[in-house]
Structures are given as C-alpha cells and as structure tokens.
Amino acid sequence: MTLTANKIKKVAIYSRKSRPDETEEVLQRQLAFLIDKCVENNWEFEVFQEVGSSQSIDEKVRPELNKMLEKVQSYHYDAIVVTDQDRLSRNTAGFSQIKEILTNYGVQVVTSSKIYDYNTQEDDLMSDMQSIVAKQEYLNIKKRLVRGKRQSAKEGNWVGGKTPVGYSYDHKTKKLVPDENAPVIKRIYDLYLSGKSSTDIERILDLEGTLTPTGSKWNKARISVVLSNPVYKGTVVYGKTKVSKVEKKPSGSPKQFKTDESNQIIIENAHEPIIAPEDWENAKAIREGRLTKPPSARIGKVIFTGLIKCAICGRTHSFQRRKGKELRITSCQTRYYDEDGINYTVCKNKGVRLDHFEQVFFAKFSQFVNQLELYLEDIKKNIKKDETNPADEKAILTANIKKIDASIKRVQKGFIAEIYTEEEAQKEIKQLKAQKEYLEEQIKRLDTKTKDEKLDELQAVLDKLKQLLEGTSDLETKEINHLLTSLIDHIEYKRVGDHKAEIEMKIHYKGQSGEQAS
C-alpha cells in the first residue's frame, strides 16, 4: 500500500555536506527548507546531519546515515526527507542497499519535487535512472576538479593543501609568499649547511626559545620535514600521493600511496624561494649522505640497540626484519682490504635470530642479577646511618645552586643577544651545570636519608631486572634499553661457521674489567 503525503506522520530529515563548495551557510539553508516542509505537512521529524562522502555508506564514514537506517529498520519513520535523492548516495551500489532497506520497511523518500515509493515499478525505475545520472554527474564534477587542480599546478599555483611554515597563501595570485616565519626556515638551512645535525638544530632553537607558529618546539621530525621539502627552493610538486580505490585504512578512509616522479607535476621557480636552489640541493646531498646507514639500523630501538659488538672486529651490530620473517641481528659487515686496496674479505661473524640471542643473554644475565641481589642484602645488613645533618651548610649550598641557575639563564640570554657564540655558551653552561651537580651531590651527602635512598633506588632497579627475567615487565622497549645500558658497557658476540654454529657471548658490565665479564 502506497502512503500519500497525508498519511505520513513521522519522518527522518537527512542532510549531508560533501563538496568543498558547500558552505555551512548553504547546508543550514538546505536544513531550514527541509524543516519548513515537515512543519508545513505537520510531520513529526528527527534530524540526521553529517559531513561525508556520497560514495560510501560505511558506518565509520557516515555514522548518521547508518544510525538513521537502524531506526528505519525499527519502524520509527514513514519517510525520509532529503533535498535530492543523491543526498543518500551517488554510488549506485550504495544507493541500491539503501533502497532495499527502505523498500523492505515501507519507507518512502520525500524530495523537494516528488515523493518516491520504491514499491511501485514506476518510482523504482525512475530512482535507478536518477541514481545513474547522479553518479555520472559526480564523476564529471570530480574529473573537472582534478583537471582544474592539475592545470592550476602546471601554472605554478599552490594547490598542495596546508600551507608550509614560512609561507602564506595569496588568494589573488594563488601563489605562496614568504611570511614572518621565513627567517626561521632560513636559519634551519644555514645551520644544517654549516654542519649541524637535526639534533643540534633542535637544541639551538630550543636554547634560543624559537617556537613553531603553533607554539610548539622545533623537534627533529619537524626540522627533517623542512629540510626535505622542495617548496622552500620555489618548487611546486603536485600529485606526490594517490588515493587507493581498493585498500582502506582501519578508519574506513582510502589508503594513500606515493606516486612515481614521472606522474607528478613539478614546476620550478613557481614562487619566491626562501632558500636558494643551490643551497637546497647542497642540503639534500648532506641529508642523503647521512642516510647511508643500512635500513636495518633504522627499524627503531630494540632492547639491545647499541650494545652488541662483534667479538672479531669490534663493530656494533644492527638489526634487520625481513619481509614476513622474525627480527634478526645482522651479520658483521666489516671489510678487510688487501694490500691492493681493491679486493677485500668480509668479517666472518654471522647474524642470528634475535630470540635465539635473547635466550643465551638472559641465561647469563640472570647470574648477574642473582649476584646483585646477594650484594644488596649484604649491604643492608652492614649499613650504618650517617647521623650528621648540618642545616646551615645545606642552606648555603641551596643558595649557591640558585645563583648558578640565574647564571645559566644569563648565558642563555647572552647567546640569543649574540654576546656569546654557540660554542662559548655551551662551554659556559656546561661548566655551570658541573658546579651545580657537585653542589647537589654535597647536599645529598648531608642528607641522613641518602644511603637509604640509594639502597631504595638499587632495590627498584633490581625489581625491574627480576620482572624482566620473569617476563612480567611492563617497561617499554626504550626503557628496557636504557636500563640495560645503565648496567652494561657492551655485549661481545660471536657466531662463526654454518647455520648450526653456536652463539658465543661475553657481557661486559660497567665498572668491571674484561676478565670479570660473564
């Protein structure tokens, strides 16, 4: 049975914004029109409004649509009110799913010009035809937008989205122009070209109190982005990434992947550069030269990072994860050149699976932990408290520390004012901090609880080590690495022979000679 407008009592209003040119004002006018229609017909209504793509009805992309359809399937509404049928979906497959639900539950679609009842052959056929037309229109609009963007990019205009730090966007010329943050970008490049690393630059900018436009600190990641962006030499690059039509992220949005340079639009001298092109290229050469370490060394920290040294040549081993396989310690890559300087042999120390290395390591390391526990118990039995606590001396030391803090701040201000060079400032601050650390140690010496606190610290370390051995530790990888490096100087590793060769290992603890190593 087909409902007429008079028989419709309760409806859902659905309003969706998808195109960039659809402003909030336009959206509110559409919503006002739909509400007026409901009021005019005395329909009870509930509003569902969202921003989402018409090409998907995925719950993560269009939660309000799905919430409305759930209520449809609980017989909440007689009809759905929209400005046009394509507000529900321009995708023919998506629209077909929506139409099936509305048909099964006897719900009609009310637009500005017509009431659709998909149970009738006439409306069913008409809706399908309009859906096809809407999809074609959407594809045409999309093609025109892409063509327009590509043409604009070819003309050297900025169509790359978010404006990079150091530039602002001129809406009249459609070009990037340097702004008040450009000197910071120039300084980053000058420091890098002078031999400073990203870490050095981060420290210098922090020392100067220089922040990003959003008020954040300049960290290594941000600095690396600046150093690798060709926009600063006046170059526009369009089409660096492409949206996948098949693969999706967990959120439901399409994945992006990098495109070949041959498919990108690259326009030199598109806008005023902040960095001279030759300086940018020199910075690029330095950056690429510093990235020559193998990818295995850049997989991120593991708990043994920086600790495993080759027993044959002393080289620090790195780590590697092959596709679909476990993490491994790499074979030693040291080359031994012949007298001719051309021919060479490679160190014979082989790599091994990290989990196999861990088994041997923890078997040896557990002995050290047991010894540490016995040592701690022995200290607790024989310790005597230091009863002295001269308050006056402690007050003098504390006052001197405050004076040193003030001196450090004066040096920092002097560096910003260019009274000190970076080298002079660092040297002066280092000396002041050394004095401060000495005074702080003196205060600790005066504290009657110092020995107890040290024992507590040692006990805390011991507890962490025991949890690590028992497999109950909740420490992160970096924290475990820090814990191990505080105790271990290096781990001497050797494995020579075929795939059955055994692991030979010596753990060199800090403060111990090689003969005492386990």
For [Y], does its backbone N or O pair with a side-chain atom of [X] as donor and acceptor, under 3.5 Å?
| X | Y | result |
| --- | --- | --- |
| Q333 | S331 | yes |
| R287 | S224 | no |
| H76 | M68 | no |
| S473 | L475 | yes |
| N349 | R495 | yes |
| E64 | E50 | no |
| D206 | E202 | no |
| N481 | I303 | yes |
| H317 | T330 | yes |
| S216 | T212 | no |

Query raised in the report: side-chain contact (heavy atoms from CB on, under 4.5 Å) between W218 and L211: does it pass, once the steps are laid out?
Result: CA-CA 6 Å; W218 278 100; L211 301 175; 5.5 Å; no
Report task. Would you please name every residue forming a side-chain hydrogen bond (donor to acceptor under 3.5 Å, both in side chains) with E281, sequence neighbours left out? Result -> K233
Requested in this report: State which residues pass side-chain hydrogen bond (donor to acceptor under 3.5 Å, both in side chains) with K433; sequence neighbours excluded, sorted by chain then number.
Outcome: none
[X], [atom1] atom: more than 12 neighbouring heavy atoms under 6.0 Å:
| X | atom1 | value |
| --- | --- | --- |
| E479 | CD | yes |
| F362 | CZ | yes |
| E502 | CD | no |

Report task. Could you verify whether a donor N or O on one side chain and an acceptor N or O on the other, from Q359 and D355, lie under 3.5 Å apart? Result -> no
Requested in this report: List the steps, then state whether side-chain contact (heavy atoms from CB on, under 4.5 Å) holds for E373 with K466.
Outcome: CA-CA 10 Å; E373 189 169 22; K466 289 171 75 174; 3.0 Å; yes
Heavy-atom closest contact ([X] atom, [Y] atom, distance):
| X | Y | answer |
| --- | --- | --- |
| P213 | N181 | CG-ND2, 3.6 Å |
| P230 | V237 | CG-CG2, 3.9 Å |
| C332 | V346 | O-CG1, 3.6 Å |

Side-chain donor/acceptor pairs under 3.5 Å, residues 407-414, sequence neighbours excluded:
{"from": "S407", "atom 1": "OG", "to": "K403", "atom 2": "O", "distance (Å)": "3.1"}
{"from": "S407", "atom 1": "OG", "to": "R410", "atom 2": "NH2", "distance (Å)": "3.0"}

Query - Any I275 side-chain heavy atom under 4.5 Å of K186 side chain - result: yes
Query raised in the report: Are P164 and L176 close enough that some pair of their side-chain heavy atoms sits under 4.5 Å apart?
Result: yes
**Report entry** Intermediate values then yes/no, side-chain contact (heavy atoms from CB on, under 4.5 Å), I488 and F361
**Finding:** CA-CA 12 Å; I488 298 170; F361 169 81; 3.8 Å; yes
Query raised in the report: What's the verdict on side-chain contact (heavy atoms from CB on, under 4.5 Å) for L487 and L372, showing C-alpha distance, side-chain angles and the deciding distance?
Result: CA-CA 11 Å; L487 300 168; L372 184 63; 5.5 Å; no
Query raised in the report: Where does the angle between the aromatic ring planes of F368 and Y509 fall among parallel (under 30°), tilted (30 to 60°) and perpendicular (over 60°)?
Result: parallel
Query raised in the report: Is it true that K67 and E70 have a side-chain N and a carboxylate O under 4.0 angstrom from each other?
Result: no
Query raised in the report: Could E208 and R187 be called an ion pair, given the rule that one side-chain N must be under 4.0 Å from one carboxylate O?
Result: yes
Requested in this report: Compute the centroid of each ring, for Y192 and then for Y189, and state whether the two points are separated by less than 6.0 Å.
Outcome: no
**Report entry** Sole candidate of R62, Q49, E46 that passes side chain to side chain donor-acceptor pair (under 3.5 Å) when paired with Y14
**Finding:** R62
